[in-house]
Amino acid sequence: MSRGKFVLILLIILSASIRIFVLLNSDNFAGSVPMGRVAAALSILENPYLSVNFDGNTSMLYHYFLAAVLYFWHDPLISPRVLSMLFGVSLIIPFYCLVSILFNEKIAIF
């Protein structure tokens, strides 16, 4: 295994462990905005057609991702936080690669 792959795997494990720690040790502090998104995702689960659920003021892609997570994991309080955690951890890969190309590996690790 090359050094770059090892560092990337290490960064993913580190970022996932920090996000899981925060997920387990914090409460759902936000109020009506996340619950509105959960309500929109539940509406998508009932009727998944875009023509019925379209809202030009919000990101429909996020609502459909949230509906997919709610379909498999039926807890509306934890599901949005897990989805956010998965997006955050998965974005480490392209961000690390971009920063290592633009600058160097030491700056990308930092």
Side chains of P94 and L91: closer than 4.5 Å at any heavy-atom pair?
yes

Can you tell me how far the CD1 atom of I18 sits from the CE atom of M85, to the nearest 0.5 Å?
12.5 Å

Heavy-atom side-chain contact between R19 and L23 under 4.5 Å
no

Heavy-atom closest contact (V38 atom, P80 atom, distance)
CG2-CG, 3.5 Å

To the closest 0.5 Å, what do you measure between OH (Y64) and CD1 (I44)?
4.5 Å

Can you get from Y71 to L83 by hopping between Ile, Leu, Val, Met, Phe, Trp and Tyr side chains that sit under 4.5 Å apart?
yes

OH (Y62) and OG (S84) are apart, to the nearest 0.5 Å, by 6.5 Å

Do I109 and L8 belong together in a cluster built from hydrophobic side chains that touch within less than 4.5 Å?
yes

Do S79 side-chain atoms and D75 backbone N/O form a donor-acceptor pair below 3.5 Å?
yes

L11-V89 co-clustered via ILVMFWY side chain contacts under 4.5 Å:
yes

Between the main-chain N or O of C97 and the side-chain N or O of S100, is there a donor-acceptor pair closer than 3.5 Å?
yes

Could you give the distance from OH (Y96) to CD1 (I101), rounded to the nearest 0.5 Å?
10.5 Å

L70 CG to W73 CH2 distance, which is reported to the nearest 0.5 Å
10.5 Å

Verify same cluster id: L14, I12 (apolar side-chain graph, 4.5 Å)
no

Should F103 and F110 be counted in the same cluster of Ile, Leu, Val, Met, Phe, Trp and Tyr side chains packed under 4.5 Å apart?
no

Within a strict 4.5 Å, meaning less than it, do heavy atoms of the I78 and R81 side chains meet?
yes

Roughly how far apart are H74 NE2 and L45 CG, rounded to 0.5 Å?
9.0 Å

So, N25 side chain and F21 main chain: donor-acceptor pair closer than 3.5 Å or not?
yes

